[in-house]
Asks: 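Sharing a structure with you now.
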Amino acid sequence: MTGGAGYIGSHSVLALMEAGYDPIVLDDFSNSSKESISGIKKIYGAGPVVIEGDTGNSSLLMDIFSSYDVNSVLHFSGLKSVEESMADPLRYYSENVGSSLSLLRTMQEANIQTIIFSSSATVYDPESQVPYTENSPTNPINPYGHTKLCVEQILHGLASSNPEWKVGILRYFNPVGAHPSGHIGEDPKQKPNNLMPLVMQTAVGRMEKLLIYGDDYDTPDGTCIRDYIHVLDLARGHLSALTYLERHQGLHIWNLGTGKGTSVQELIDKAREVTGAVINTEITFRRLGDSPEAVADPKKAKSELSWHPEYSIGNMCADHWNWQRQNPDGYQ
Ligand code: UFG
């Protein structure tokens with residue numbers, strides 16, 4: 001599991017361990033913390049094998065592949081800030097596309113042909129009609145989204161070149177929440193850009209007020225609508241995809257979202273209700289590149305993977321808040 005110490009990675013490592021797998025985590029800890037591994041140990045009673053290093057380091061990968069009996073790779077590692085990707089696109093192409101290429105080449109050499117790739121709803125054309133199905137047109141509007149689509153296309157090429165490959169592409173919508181124990185959660189190293197961590201940091205008093213980027217969209221309350229998904233549901237999606245790939249060859253794409261839209265204002269109202277905290281807000285200008293609405297059609301994942309998201313927006317806020325309150329400065 002590349003990037004297995006990160007936010008989504010750590011919750012997925014836990015889900016796999018709970019299902020009886022023996023994951024090996026490869027992480028360079030550039031945007032994650034070793035404390036997430038300690039958190040997994042606290043919850044599960046044991047941790048995964050952890051190797052510190054870079055996904056793009058093919059000799060290290062080859063060492064891992066020859067030292068352990070590796071059947072599949074879950075590829076989480078990569079940079080994930082839309083803003084940063086616009087300021088430094090080459091770094092994003094090099095880290096996200098370059099490292100993935102090197103990983104795939106080494107997998108091919110080692111004859112490991114099962115991969116699950118962390119893609120994103122950001123690959124969809126923001127002008128497409130919602131909800132997005134896996135066949136909706138793609139047209140990412142920032143370098144981060146391009147890097148995700150690029151890797152998807154590389155995977156398409158690979159799967160067509162050799163039918164033995166088993167490829168699962170998971171397009172995440174907006175992951176939020178944390179393990180209810182509060183031992184693992186989201187801990188952005190830089191100031192977060194995403195709504196839920198900002199809402200919770202405002203609730204816990206780390207930020208004075210939350211800026212709402214526009215209340216004049218063509219939506220019922222004028223604020224943007226997103227499909228928030230609990231990270232535990234997302235983690236379980238990886239397990240379902242892995243089980244599916246054990247029985248099916250070829251390339252498969254699945255949206256991981258709930259199919260339910262929540263507006264920025266609704267999320268803030270729910271967070272106020274769940275936390276009981278004061279969350280000051282201020283309406284400001286629209287953020288460049290935001291689409292009014294992004295919601296998944298999760299039917300394909302539901303029918304093919306028998307995967308059903310279980311958590312409500314209230315659960316997502318409660319678990320994110322529990323993590324934030326127990327760890328006001330993240331893993332630090
Ligand atoms: N928002 C605010 N104020 C803030 C931060 C966000 O009003 O301080 C609004 C945004 O304008 C947007 C909504 O909250 O309408 C959600 O914004 P996020 O930044 O949390 O999420 P995005 O949908 O913009 O993007 C996220 C990830 C991407 C991912 C994408 C998938 O950041 O990496 O979801 O749809 F690809």
Side-chain angles (χ1 to χ4, degrees), residues 3 6-8 31 76 78-86 92 96 117-128 130-132 136 138-152 169-177 186 188 190-203 206-229 231 234 255-271 279-298 313 316-317 320:
Y7 173 42
I8 298 163
N31 195 28
F76 297 93
L79 302 172
K80 59 175 187 180
S81 157
V82 169
E83 241 179 20
E84 218 176 55
S85 79
M86 295 193 285
Y92 268 67
N96 290 5
F117 173 59
S118 300
S119 188
S120 163
T122 200
V123 299
Y124 289 115
D125 185 340
E127 303 291 317
S128 306
V130 288
Y132 300 145
S136 292
T138 53
N139 181 26
I141 56 165
N142 53 62
Y144 164 71
H146 269 130
T147 65
K148 290 291 176 190
L149 192 58
C150 253
V151 177
E152 286 198 9
I169 291 174
L170 300 179
R171 291 180 177 160
Y172 307 157
F173 279 69
N174 290 57
V176 294
E186 185 175 18
Q190 288 117 13
K191 187 181 178 295
N193 295 313
N194 296 121
L195 184 62
M196 183 67 103
L198 290 167
V199 166
M200 293 305 166
Q201 292 197 359
T202 314
R206 255 172 90 172
M207 279 175 32
E208 202 184 305
K209 66 179 175 207
L210 175 79
L211 297 177
I212 296 178
Y213 297 137
D215 68 347
D216 56 352
Y217 285 95
D218 187 15
T219 60
D221 65 21
T223 64
C224 292
I225 294 174
R226 294 289 180 275
D227 186 339
Y228 298 94
I229 173 162
V231 66
L234 202 61
N255 281 339
L256 292 185
T258 64
K260 291 192 197 90
T262 304
S263 75
V264 172
Q265 191 58 58
E266 285 170 334
L267 186 85
I268 296 167
D269 291 343
K270 186 50 83 178
I279 302 174
N280 294 318
T281 57
E282 184 183 310
I283 312 289
T284 182
F285 301 110
R286 291 181 177 197
R287 186 172 68 176
L288 203 69
D290 274 342
S291 60
E293 194 171 359
V295 175
D297 179 337
I313 198 78
M316 299 179 211
C317 289
H320 210 114

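As the structure lists them, so they are numbered: ligands from 1, and atoms in each ligand from 1. What you are looking at is a predicted structure, and each value in this text was computed from that prediction instead of being measured.
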Asks: Does only the side chain of Y228 get under 4.0 Å from ligand 1, or the backbone, or both, or neither? Count heavy atoms.
Replies: side chain
Asks: Just heavy atoms, cut-off under 4.0 Å: does T223 contact ligand 1 by side chain, backbone, both, or neither?
Replies: neither
Asks: In terms of residue, atom name and distance, what is the protein heavy atom nearest to atom 8 (O) of ligand 1?
Replies: L198 CD1, 3.2 Å
Asks: Below 4.0 angstrom from a heavy atom of C224, which ligand 1 atoms are there? Numbered from 1 as shown, please.
Replies: 15 (O)
Asks: Does an N or O anywhere in Y172 fall below 3.5 Å from an N or O of ligand 1?
Replies: no
Asks: Please could you name the atoms of ligand 1 that L211 approaches to less than 4.0 Å, counting only its heavy atoms?
Replies: 2 (C), 3 (N), 4 (C), 7 (O), 8 (O)
Asks: Which residue holds the protein heavy atom closest to atom 23 (O) of ligand 1, what is that atom called, and what is the gap in Å?
Replies: R226 NE, 2.6 Å
Asks: Among D125, V123, T122, whose side-chain contact (heavy atoms from CB on, under 4.5 Å) with T138 holds?
Replies: V123
Asks: Could you list the atoms of ligand 1 found under 4.0 angstrom from a heavy atom of N174?
Replies: 21 (O), 22 (P), 23 (O), 26 (C), 34 (O), 35 (O)
Asks: For ligand 1, which atoms have a heavy atom of I212 less than 4.0 angstrom away?
Replies: 7 (O)
Asks: Quick check: does L195 get an N/O under 3.5 Å from an N/O on ligand 1?
Replies: yes
Asks: For L211, does the CG atom sit with more than 12 other heavy atoms under 6.0 Å from it, leaving out its own atoms?
Replies: yes
Asks: Answer with side chain, backbone, both or neither: which part of A294 has a heavy atom less than 4.0 angstrom from an atom of ligand 1?
Replies: neither
Asks: Which of the numbered atoms in ligand 1 are below 4.0 angstrom from a heavy atom of V264?
Replies: 7 (O), 9 (C), 13 (C), 14 (O), 15 (O)
Asks: Students should be able to answer this: which protein heavy-atom is nearest to atom 24 (O) of ligand 1, and at what distance?
Replies: R287 NH2, 2.9 Å
Asks: Please classify the N194 to ligand 1 contact at 4.0 Å (heavy-atom distances, strictly less than): side chain, backbone, both or neither.
Replies: both
Asks: Say whether Y124 and R171, considering side chains only, have a donor N or O and an acceptor N or O under 3.5 Å apart.
Replies: yes
Asks: Can you name the atoms of ligand 1, numbered from 1 with element, that are less than 4.0 Å from a heavy atom of T122?
Replies: 31 (C), 36 (F)
Asks: What atoms of ligand 1 come within less than 4.0 Å of a heavy atom belonging to A121?
Replies: 31 (C), 35 (O)
Asks: If you count the atoms of ligand 1 from 1 in the order shown, which ones are under 4.0 Å from a heavy atom of S120?
Replies: 29 (C), 31 (C), 36 (F)
Asks: Would you say C317 and L267 make side-chain contact, with heavy atoms under 4.5 Å?
Replies: yes
Asks: Quick one about T223 and D215 (side-chain donor to acceptor, distance below 3.5 Å, no hydrogens or angles considered), yes or no?
Replies: no
Asks: So is Y144 touching ligand 1 or not, going by heavy atoms under 4.0 Å?
Replies: yes
Asks: Starting from atom 7 (O) of ligand 1, find the nearest protein heavy-atom neighbour and note its residue, name and distance.
Replies: Y213 N, 2.9 Å
